[in-house]
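Before any comments, here is the structure.
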Amino acid sequence: MASVAEALNLALDHHLSGRLEEARLLYGRILEVDPDNPHALHFAGLLAAQTGAVADGVAMIGKAAARLPLAADIHGNLGKALMALGTADGAAQAAAAFRSVLALQPEGAGDWFALGGALIEAGDGPAAHRALTRALTASAATDSEPLAEAFERAGMLLYAASDWAGATDAFHKARRLAPQRAEAHRMLGAALAQTGDPEGAVEALGEALRLDPTLADAQTNLVHLLVTLGRFDDAERAGHRAVALDPGNADAYGNMVPLFEQTVRVAEALRQCARATRIASERAAFHRNRLSLLLHEGRRDEAVAAGREATRLAPADADAHLALAVALLASGQLREGWEEFEWRWETRQLDPVHRSFPQPQWTGAEDVAGRTVLLYAEQGLGDTLQFVRYAPLLAGRGARVVVGCSPLLVRLMERVDGVSAAVAWGGELPAFDLHIPMMSLPRAFATDLDSIPAAVPYLRADPADVAAWRERFPVKDGRPRVGLVWAGSPRTVRGVASPIDRRRSLPLAALAPLAEVPGVRFVSLQMGPGAAQLAEAPAGMDIADPMGGVRDFADTAALAETLDLVITVDTSVCHLAGGLGRPTWTLSRADACWRWLGNREVNPWYPTMRVFGQDRSGDWSGVVARLRTALTDFVAARGHAP
């Protein structure tokens, strides 16, 4: 009679020669005699898995592995059998088996690759990425194409988990292993876009499209990135190709919307938005985009309706709620607008200014008598200047008010009624009991159109500073002195100016008709790059430039107090002059900021302000013509008519 070893050798010969039934029967007989024989269990399990009985095979190979814990080949085959189950749980168990192999032979590139594959199927992207990286470094002979595909799949898991850095690294490795794989370039572009590298993303997507010009998703994503970089002509060409490649893709139209909005082709942007919405009416983002465009057109009621639809479709979408807030505020529905405006803290745009304090936020309901409340700036300088008006109201409830703000505003904030102290961000804060961001104050005070605290001046220049400016810049001939600001802060990102700043600013040369009004002494209040235009001021414009002596907004406020009128674009100076109670004329773009309420000439926030709004986006000629007429009347009313 043959020994067990001889029988096992015969069974294995049948198995390797393809006589599977004979092998199965012989393995069975061996196990009847020696049920714990690890080699018979191992080979019988392999045969079972090979012939479709995967679960039985896993059970037998598992027993063999338990009896021979140092046999790397058995653990490896157990892992392969577990993978054949095709389940996430099986993949997780397979990963454990492959780790057992690697504990015995840690430099096996193929084993690291197998572990990476198991972890991918188990849904563990970070661990898969680490395992595949070990596979890559363990042996340069590792087959590049399967490993590249594995890195792509691991990168997809990392991307889905918002691990942009990990995904980027995975796709970089996939591209390096198999540079001919268009998909690796496409996904690298998507990951780079998320890391804030639009230039790198454009390069990767361009290479993907060179390898496979039919990649519609790559073409569609390219549109958005090119708009971000300000390459509008390239973006438009890419957009047309995206639509041609996949006319049923809503994003092919949706990504064209910012392009046409930023190039002031609002009607075309609305058409593209309508096409996207028809294809994917359930996408909240398209309704949100439509809201922005409708506001641009002054169709505020329709914008509010679009915002309500966006928040209905995506009730947890902070950007949709914030867009609705802007539409509500612009339409004068302030109470509801302030509530929606609190969603701004759930968006990513305020991450750099979000303050985490252990003290509670004041909501308006808590008693503040005898307590210190920190009011802190959160967004632009103009927002601080506008909303510090609530400090006296808070002090009136018995609070000690401390303001945290830009260093440029500290001296001015210290002079606001009710403010006990002002601290520059970065400096040491005094002890406080409660805090509230500036733009949450209207909500806390339940502000509506009829209850805006509009008593001016609430900003006050230092009388000594005003006197110093009068001495340095004396009135000689009695001509009205008119301050001018023609440009906001460009807020450039990678060399591309903010779209809003492009729309709110105009060149000094566009104000040339004002130079035709006799009897006016102009004074520049312009800071930043726009001040360079003074070197080529319009012919005949008598304009002084004292801004070299300005250190902060307290100085600008004192200078403004010496002027008869301030004419400014929608930037911080309009809030400064309005808060000082100076006669202020604000030039507003057609898609006006919400606080100008659709460019009403009389604004409830600033009783001494007139708003001169564009009739058409990008066209300042009508505004300047009205300014010229108004300025002529202003001069005549002061007895300086020609």
Side-chain angles (χ1 to χ4, degrees), residues 219-220 222-244 246-281 283-310 319-320 323-324 326-328 330-331 496-506 510 570 587-594 596-600 611-626:
Q219 194 72 65
T220 297
L222 191 59
V223 179
H224 167 73
L225 291 162
L226 290 168
V227 171
T228 300
L229 293 171
R231 294 169 54 181
F232 299 132
D233 291 342
D234 291 339
E236 189 160 355
R237 284 190 289 271
H240 290 311
R241 286 194 291 268
V243 169
D246 190 359
N249 183 355
D251 286 324
Y253 304 99
N255 283 359
M256 295 277 276
V257 171
L259 164 66
F260 291 120
E261 184 176 14
Q262 291 194 31
T263 53
V264 201
R265 288 179 282 174
V266 180
E268 182 58 30
L270 276 167
R271 279 192 290 272
Q272 297 291 345
C273 198
R275 289 168 181 156
T277 305
R278 278 196 298 271
I279 295 169
S281 60
R283 293 270 295 277
F286 296 145
H287 296 279
R288 188 176 74 233
N289 291 343
R290 185 167 176 268
L291 177 156
S292 174
L293 296 166
L294 290 167
L295 280 182
H296 203 125
E297 294 280 275
R299 294 154 64 180
R300 292 181 292 282
D301 291 343
E302 292 176 74
V304 169
R308 295 198 192 285
E309 180 64 7
D319 289 315
L324 174 58
V326 171
L328 288 164
S331 66
V496 180
S498 157
I500 288 180
D501 187 65
R502 288 199 301 272
R503 297 200 297 274
R504 71 176 174 173
S505 301
L506 73 164
D570 180 7
L587 285 60
S588 177
R589 64 188 194 271
D591 59 319
C593 177
W594 59 265
W596 308 134
L597 297 167
N599 283 338
R600 295 185 192 179
V611 177
F612 291 75
Q614 284 181 333
D615 296 319
R616 187 163 54 88
S617 284
D619 181 8
W620 289 107
S621 60
V623 169
V624 174
R626 282 183 278 133

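Just so it is clear, the structure is predicted and the values come from calculations on it, not from any experiment.
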* **Derivation and outcome, side-chain contact (heavy atoms from CB on, under 4.5 Å), residues Asp251 and Phe286** => CA-CA 9 Å; Asp251 286 324; Phe286 296 145; 3.7 Å; yes
* Under the side-chain contact (heavy atoms from CB on, under 4.5 Å) rule, what do Phe260 and Glu236 come out as? Steps first, then yes or no, please. => CA-CA 9 Å; Phe260 291 120; Glu236 189 160 355; 3.9 Å; yes
* To do: Any chance you could lay out the side-chain contact (heavy atoms from CB on, under 4.5 Å) test for Arg308 and His287, step after step, and finish with the verdict?
  => CA-CA 9 Å; Arg308 295 198 192 285; His287 296 279; over 6 Å; no
* Start with the C-alpha gap between Leu270 and Arg299, add the side-chain angles, then the distance that decides, and say whether side-chain contact (heavy atoms from CB on, under 4.5 Å) holds. => CA-CA 12 Å; Leu270 276 167; Arg299 294 154 64 180; 3.8 Å; yes
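The one candidate from Asp234, Asp233, Leu259, Asn255 that meets the side-chain contact (heavy atoms from CB on, under 4.5 Å) condition with Leu226 is Asp234.
Interatomic distance, CG of Leu587 versus CG of Asn599, reported as 10.0 Å (0.5 Å rounding). Taken from CG in Asn289 to CZ in Arg283, the straight-line distance is 9.5 Å, to the nearest 0.5 Å. The NE2 atom of His224 sits 9.5 Å away from the CG atom of Leu229 when rounded to the nearest 0.5 Å. Separating the SG atom in Cys273 from the CE atom in Met256 is a distance of 12.5 Å, to the nearest 0.5 Å. Taken to the nearest 0.5 Å, the CZ atom of Arg231 stands 9.0 Å off from the CZ atom of Arg237. Atom CG of Asp615 sits about 5.0 Å away from atom CZ of Arg626, to the nearest 0.5 Å.
Across all non-hydrogen atoms, the minimal contact from Ala590 to Ser617 is CB-OG, 3.5 Å. Of all heavy-atom pairs between Ser331 and Val304, the closest is OG-CG2, 3.9 Å. When all heavy atoms are compared, the tightest approach of Ser588 to Val611 is CB-CG1, 3.9 Å. The two atoms that bring Ala284 and Ala310 nearest to each other are CB-O, 3.5 Å, heavy atoms only. Residue Gln614 comes nearest to Arg589 through the heavy atom pair OE1-CA, 3.5 Å, listed as atom of the first residue, atom of the second, then distance. The minimum heavy-atom distance between Ala269 and Glu261, with the atom names listed, is CB-N, 4.0 Å.
The shortest distance between side-chain heavy atoms of Gln219 and Asn249 does not fall below 4.5 Å. Looking at Leu295 and Asp591, their side chains never come closer than 4.5 Å, going by heavy atoms from C-beta outward.
Salt-bridge annotation for Arg265 and Glu268: absent, with no side-chain N of the basic residue lying under 4.0 Å from a carboxylate O of the acidic one.
Heavy-atom contacts from other residues, nucleotides or ligands closer than 6.0 Å to NE2 of His296 number more than 12.
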